[in-house]
**Q** 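I am attaching a structure below and will ask some questions about it afterwards.
Remember, it's a predicted structure, so these values are computed and weren't measured experimentally.
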Amino acid sequence: MTIIRQEDFIASVAGALQYISYYHPVDYITSLARAYEREQSPAARDAMAQILINSRMCAEGHRPICQDTGIVNAFIKLGMDVRFEPGPGEAPMDLQQMVDEGVRRAYLDPDNKLRASLQADPAGARRNTRDNTPACVTVDLVRGNTVEVTVAAKGGGSEAKSKFVMLNPSDSVVDWVLKTVPTMGAGWCPPGILGIGIGGTAEKAMLLAKQSLMDPIDMPELIARGPKTTAEKLRVEIYDKVNRLGIGAQGLGGLTTVLDVKVLDTPAHAANLPVALIPQCAADRHAHIVLDGSGPVFLDPPSLEDWPKLTYDVSGARRVNLDTVTRAEAAAWKPGEVLLLSGRLLTGRDAAHKRMSEMLKRGEKLPVDFRGRFIYYVGPVDPVRDEVVGPAGPTTATRMDGFVRQMLKETGMLGMIGKAERGPEAIEAIREFGAVYLIAIGGAAYLVSKAIRGSRRLAFEDLGMEGIYEFEVRDMPVTVAVDAHGTSVHQTGPAEWQQRIAGIPILQ
């Protein structure tokens with residue numbers, strides 16, 4: 001029988017969650033750097049450069065890769081010859097309680113506080129739990145005298161694109177994936193990884209898809225030796241065909257949409273073919289630890305030599321003064337053009353938009369004047385030490401699509417900044433009112449935050465990170481995603497690269 005101290009387990013989970021908040025797995029960095037070197041799309045290459053530079057900055061500064069520090073998933077293999085013991089004066093905890101205490105410590109760590117995103121009463125009041133608990137815990141009781149723990153922090157943008165289907169046994173898994181991936185848009189922050197679970201029941205397929213994302217990236221090795229099993233053949237075929245869709249980094253069009261495809265399967269009922277698809281975003285956060293009773297386990301930091309040494313070249317970007325910009329000036333911006341924003345920028349996301357919409361419907365005056373201003377869809381991490389604001393990357397803009405027409409029509413707002421594409425309703429409103437939509441790069445939150453020189457709360461204090469702030473920014477990099485005429489790079493870019501990619505050998 002192995003005795004594992006309750007405190008050792010909690011400290012190990014907390015340490016692993018801090019670790020994955022600022023260290024990418026080295027296999028992801030190596031794979032993304034390889035994709036960056038061969039990328040031919042300037043927009044996608046620019047996005048990859050920002051992700052890589054941001055990752056190195058986070059590794060050096062021990063601050064979160066993404067402002068969405070995720071919902072914690074813990075996959076635990078608990079040896080049957082293990083017993084947990086509380087320390088003197090400690091109350092005994094069950095496994096869920098121990099994981100949650102580790103999450104609580106990690107997310108409230110004053111040296112690197114992480115964003116609490118979980119909402120209790122999810123179908124009702126949606127009150128933030130303030131410490132990012134509870135975690136989603138999956139336990140397998142196995143033979144042995146150790147405890148293996150894999151922790152992951154899954155961002156809402158990629159989790160929102162999870163898909164499930166119950167196919168007929170004769171249907172093609174590949175065809176379903178190729179039909180489904182384009183409907184996911186860019187809100188899952190490619191380039192990333194696709195996890196596919198096949199078989200079992202509905203919930204088993206979803207669990208397999210999520211668990212597959214915990215495995216190392218090994219697509220180059222698989223291609224080199226050749227696939228042997230059905231799962232491996234599916235991996236290679238889907239990898240090749242998804243990349244040929246031309247979606248590219250951040251959905252801007254390019255050669256690389258996925259760095260790997262993972263497939264786990266299990267036997268299914270003769271009448272069913274359950275298939276789940278869960279994407280992993282550019283913040284590929286997961287780690288594996290094993291406790292054997294000898295004390296807490298802490299991971300060794302990777303070598304910074306594993307990160308490419310890149311600099312972000314903005315010499316060709318157009319500089320924009322947000323305090324003086326006019327609608328006529330914005331009308332001249334071209335889709336795909338890189339801008340550097342300086343001046344005062346408003347913020348607000350889901351909850352703020354809902355509240356403002358309700359106020360406008362009641363004929364009430366908003367607490368902030370939006371005329372001629374830009375709003376940034378962001379929920380930043382709390383600052384630490386001398387920071388003005390913590391990592392502050394964009395959130396998925398499509399969730400605000402239903403508010404766009406009302407905001408543009410009734411407030412005189414000039415534009416929006418977010419992540420990923422806009423839907424037809426939002427694009428039509430942008431065109432009608434001569435507004436613009438810009439994107440910051442998802443997965444480059446710390447890099448973006450370095451452009452923010454001042455921050456003050458203006459309204460809706462009770463909404464926390466979802467309230468309205470005013471940022472003072474200097475040279476904040478963004479890309480024109482929808483111009484004043486309604487042209488969207490998330491439509492033109494992938495369409496162009498799907499044609500251009502046809503003659504390029506993806507599998508080499």
**Q** Are I20 and H286 side-chain neighbours, meaning at least one heavy-atom pair lies under 4.5 Å?
**A** no
**Q** Can a side-chain donor-acceptor contact be found between S158 and K154 if the only test is distance below 3.5 angstrom?
**A** yes
**Q** Apply ring-ring contact (aromatic ring centres under 6.0 Å, His included) to H269 and list each qualifying residue two or more places apart in sequence or on a separate chain.
**A** none
**Q** Roughly how far, to the nearest 0.5 Å, is the CZ atom of R5 from the OG atom of S294?
**A** 11.5 Å
**Q** Does CD in E461 sit with more than 12 non-hydrogen atoms of other residues, nucleotides or ligands closer than 6.0 Å?
**A** no
**Q** Could you go through L255 and I501, starting from their C-alpha distance and side-chain angles, then the distance that decides it, and tell me whether this counts as side chain to side chain contact (heavy atoms under 4.5 Å, CB included)?
**A** CA-CA 7 Å; L255 300 181; I501 208 170; 3.7 Å; yes
**Q** Looking only at heavy atoms, which two atoms of G200 and T266 are closest? And how far apart?
**A** N-CG2, 3.3 Å
**Q** How would you list, by chain and number, every residue that makes a salt bridge (charged side-chain N to carboxylate O under 4.0 Å, His left out) with E60, sequence neighbours excluded?
**A** R56
**Q** Just wondering, do P279 and M184 contact through their side chains at under 4.5 Å, heavy atoms?
**A** yes
**Q** F460: what forms a ring-ring contact (aromatic ring centres under 6.0 Å, His included) with it, not counting sequence neighbours?
**A** none
**Q** Less than 4.5 Å apart, side chain to side chain, heavy atoms only: is that true for T395 and M400?
**A** yes
**Q** Looking at OG of S449 and CG of L447, how far apart are the two atoms once the value is rounded to the nearest 0.5 Å?
**A** 8.0 Å
**Q** Could you work out, with salt bridge (charged side-chain N to carboxylate O under 4.0 Å, His left out) as the rule, every residue matching R34, not counting sequence neighbours?
**A** none
**Q** Which pair of heavy atoms, one from K113 and one from V381, lies closest together, and at what distance?
**A** O-CG1, 3.1 Å
**Q** Check A351 against E466 and note the closest heavy-atom contact, atom names and distance.
**A** N-OE1, 3.0 Å
**Q** Could you note down all residue pairs passing salt bridge (charged side-chain N to carboxylate O under 4.0 Å, His left out) where residues 173-188 supplies at least one of them, sequence neighbours left out?
**A** none
**Q** I want to check something: taking the side chain as every heavy atom from C-beta on, are E90 and Q6 in contact at a cut-off of under 4.5 Å?
**A** yes
**Q** How long is the gap from CH2 on W497 to OG on S41, to the nearest 0.5 Å?
**A** 5.0 Å
**Q** Side-chain contact, heavy-atom cut-off 4.5 Å: V177 with V174?
**A** no
**Q** Can Y22 and R63 be counted as having a side-chain donor-acceptor contact under 3.5 angstrom?
**A** no
**Q** What distance do Y107 atom OH and T129 atom OG1 have between them, rounded to the nearest 0.5 Å?
**A** 10.5 Å
**Q** Can D121 and R126 be said to form a salt bridge (charged side-chain N to carboxylate O under 4.0 Å, His left out), step by step?
**A** CA-CA 5 Å; D121 191 15; R126 296 185 66 85; over 6 Å; no
**Q** Sequence neighbours excluded and cut-off under 3.5 Å, please list the side-chain donor-acceptor pairs for residues 203-212, or say none.
**A**
from	atom 1	to	atom 2	distance (Å)
E203	OE1	T201	OG1	3.1
E203	OE2	T201	OG1	3.0
K210	NZ	N73	OD1	3.2
K210	NZ	E159	OE2	3.2
S212	OG	A209	O	2.8

**Q** Pair up each side-chain donor or acceptor in residues 99-106 with any protein partner under 3.5 Å, not counting sequence neighbours, and list the distances.
**A**
from	atom 1	to	atom 2	distance (Å)
D100	OD1	Q96	NE2	3.1
D100	OD1	A135	N	2.9
D100	OD2	Q96	NE2	3.3
E101	OE1	R104	NH1	2.7
E101	OE2	R105	NE	3.3
R104	NE	D131	OD2	2.8
R105	NH1	E7	OE1	3.4
R105	NH1	E7	OE2	2.7
R105	NH2	E7	OE1	2.8

**Q** Does a side-chain heavy-atom distance below 4.5 Å link T133 with L118?
**A** no
**Q** Got a sec: does the NZ of K163 have more than 12 other heavy atoms crowding it under 6.0 Å?
**A** yes
**Q** Which pair of heavy atoms, one from A481 and one from H490, lies closest together, and at what distance?
**A** CB-CE1, 4.0 Å
**Q** Salt bridge or not for R115 and D382, using N-O below 4.0 Å?
**A** no
**Q** Before you tell me yes or no, could you show the steps for K233 and E237 under salt bridge (charged side-chain N to carboxylate O under 4.0 Å, His left out), namely the whole-Å CA-CA distance, both residues' side-chain angles and the distance that decides it to 0.1 Å?
**A** CA-CA 6 Å; K233 292 174 182 176; E237 183 178 0; over 6 Å; no
**Q** Which residue pairs satisfy the salt bridge (charged side-chain N to carboxylate O under 4.0 Å, His left out) criterion with at least one member in residues 252-277, sequence neighbours excluded?
**A** D218-K262, R235-D260, D260-K262
**Q** Do N112 and S21 get their side chains close enough for a donor-acceptor pair, meaning under 3.5 Å?
**A** yes
**Q** Name every donor-acceptor pair, under 3.5 Å, that has one atom in a side chain of residues 137-152 and the other anywhere in the protein, sequence neighbours excluded.
**A**
from	atom 1	to	atom 2	distance (Å)
E148	OE1	H288	NE2	3.4
T150	OG1	H288	ND1	2.9

**Q** Using a 4.5 Å cut-off on heavy atoms from C-beta on, say whether the side chain of I76 contacts that of L95.
**A** yes
**Q** Does this structure show an ion pair linking R225 with E221, if we count only N-O contacts that are shorter than 4.0 Å?
**A** no
**Q** Would you indicate whether R127, at its atom CZ, is surrounded by more than 12 heavy atoms from other residues, nucleotides or ligands within a distance under 6.0 Å?
**A** no
**Q** Working to the nearest 0.5 Å, report the span between CG of D27 and CD1 of I193.
**A** 7.0 Å
**Q** Got a second to check how far E232's CD is from M219's CE, nearest 0.5 Å?
**A** 9.5 Å
**Q** Kindly write out the residues that satisfy salt bridge (charged side-chain N to carboxylate O under 4.0 Å, His left out) with D111, not counting sequence neighbours, or none if the list is empty.
**A** none
**Q** Checking Y377 against D350: is there a side-chain donor and acceptor pair closer than 3.5 Å?
**A** no
**Q** Mind checking salt bridge (charged side-chain N to carboxylate O under 4.0 Å, His left out) for K309 and listing every partner two or more places apart, or none if nothing turns up?
**A** E305
**Q** Report yes if some heavy atom in the side chain of R244 is under 4.5 Å from a heavy atom in the side chain of T257; otherwise report no.
**A** no
**Q** Which pairs count as ring-ring contact (aromatic ring centres under 6.0 Å, His included) when at least one residue sits in residues 78-106, sequence neighbours excluded?
**A** F9-F84
